[in-house]
> 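My questions all concern the structure below.
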Amino acid sequence: MRAIVREGYYVSKTIKKRCILLFGVLLFIYLAENAAFFFSEISFFYTYIFQPLLWLGLAYLVRSFPGVRPAGRLRLRSYLAILAFICAVLYLMSMFAAGIWEGFGKSPYSFTPRGIIFNLLYVGSALLGGMLARSYLLAALANRHPFPVIVLVSLFLTLKGFPLDSFIRLQDPYEFIRYVGSFVLPAFSENLLTSYLVYLGGPLPGFVYQGMLLAFTWFCPILPNPGWLTKTLLGTLIPYFSLLMVQHLYLREARVVKRETLKKENPLSLALTSVASVLLIWFAVGIFPLYPSVIVTGSMEPMIKPGDVVMVEKLEGTEVREGDVIQFRLDKILVTHRVIAITEGSSRQFITKGDNNNSPDLEPVDTAQVKGRVIRVVPKVGWLTLLIRSRGSLLFT
Amino acid sequence: MKKVRFLAISLVVALMLMGAGYAYWTDSVDIVTTVKTGTFDVRFAGEKGVTFVTGTSTSGNPGNEFAWDGYGVNAVASGSVSYPDENTATVTLNNLYPGVEGEIMFAIKNTGSVPAKFASASVVTADADDLYGFINTKGYIRHLDTSAPQEWFQGNATTWDAFYDLEAQFNNNGSIEGDILQTGQFLYVYIPFQIDGSLDNDDNLEGATRTFTIKMNFEQFNHDGTPGA
């Protein structure tokens, strides 16, 4: 029989010991993550294998403990996961909007297949171990005094997220304020919301909320890059207001909903489907380093036929080589032709030609016009697009 | 519950449209900055400065002691490096004169929690004039501490390049490109420079002050087989 901690129960000595153990392990992992503070050489294996193993070990440890129940109502856990999803989307949208005003930047993270796998391991293990530990600590300790425990656990987990020397090196007061505003306050606000969600609904809503934010940060190639004041304001206020919204909606739902059977939803599946849909659309519109493009004409036959979709790898004009099939912008249309010669005068230009054309294109292509290089042809999958376009033309011409 | 689900779906649709709008909008926008996050943070930090070679000039007019327009040998030339923000190093050189030689130095630290590698650099001058045409530079780096071996951009210490090639020196050299900056580690960058001795009074640039900024972008190192890949 699994021991359950319920509201009003005193925390047993055993549970207290387990909580102390968890704090100790979290602290140990923090020191391990900051090994660079003590040693000058940190290996690849240490960062991307050993540290994830520590987090997975923590996850295993928490799972081996007898279960503790979160404070919220069992029937509202799915509801909380949906609320977590909405909070994450609101946050991302506000950051995106800020990016449109103040600019975007390249993500610093690796986007090679191997890089993505290692990052999944690195981020996923920390998310799993950290969230299960948070869930246990809150369920075990926050029953009698939820507010201070949620705040303290959030503060602990926030500070744990920053390198050991972060605050030591920031001696200039202005830089210190900027750092705290840009990173620490938003992280604390996010942690507060996550802890509240986890306190009520267990680890699932926490996974949904933090998972979406982490996935966006680590796996979106372009990130909003607002100024530090905007980061501070939005990063702190959006999670805080989201917390108020979650509290309001949860309390309302907890009082109003009757004991009638609710149609079961799987919030995790909803979240994953939504994320996948968004990523698919972003891929189609060309946000990622690789994007699809439908070919309309037969100028590159037999390599590319009308209705084929080409996968274009984005690249700088300076990286183009002779013989590459490139996609470039010509007024308002995209042309996909082969580079047959490169001229290196005052500026680099490309002479292009369709394989099926008798003569080269009239105008040379500047490096700035180049969008990318064709790396794969997927036959026939663009027929539907062509059909829709041709019907559109018939309608409007 | 239905309202919440409706809100969730609406937000997903909005996010999709935002992605589409963004892709359209950024089609002609060149995104060069690399974003910092709590985990990935490489910044200008630590030691910095400009030092001048003392004694007689070894280039331009070797052996000559410059006493040009009242300036003594290396008596007035000065310089400084500042970090106006964590992404930028601003270099200011004051009272330059023909033949003066010096060295700009700044440091970069990986303060994040994942290893990083150099991605690109940009050098932007605040003043567009002829003096930069008389500045020659080269560059080298040192790892971990300032007494580590020199790793020259161009493979050796003897070749001078035009100042306007400095950006290309950063972006097209083997020494810095393949380097991994582990968490907590420093990278020290040195840029020796000289003012060409052919600069004369007719150029009316004596005692000039010039300022330029250097931005360096780093990205995650994730071991893709070859260093720096």
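Because the structure is a prediction, the values reported are computed rather than measured. Below, each value reflects all heavy atoms present in this structure, side chains not excepted, and no hydrogens, waters or symmetry copies.
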> Please look at A/Thr47 and chain B and tell me whether the side chain, the backbone, both or neither of the residue comes under 4.5 angstrom of a heavy atom of that chain.
side chain

> Relative to B/Phe218, does B/Lys117 satisfy both conditions: NZ or CZ under 6.0 angstrom from the six-membered ring centre, and within 45 degrees of the ring's axis?
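So B/Lys117 doesn't make the cation-pi contact.
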
> At a 4.5 Å cut-off on heavy atoms, which part of A/Tyr109 comes close to chain B: side chain, backbone, both, or neither?
both

> Report the residues that fulfil side chain to side chain contact (heavy atoms under 4.5 Å, CB included) with A/Leu185, sequence neighbours left out, ordered by chain and then residue number.
A/Val180, A/Thr232, A/Thr236

> With a 4.5 angstrom heavy-atom cut-off, could you sort out which part of A/Pro186 is near chain B: side chain, backbone, both or neither?
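Neither; nothing under 4.5 Å.
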
> With B/Asn136, which residues qualify under side chain to side chain contact (heavy atoms under 4.5 Å, CB included), at least two apart?
B/Trp160, B/Gln194, B/Asp196

> Keeping B/Asn110 on the side-chain end and B/Gly112 on the backbone end, is there a donor-acceptor pair under 3.5 Å?
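Between the backbone of B/Gly112 and the side chain of B/Asn110 there is a qualifying donor-acceptor contact (under 3.5 Å).
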
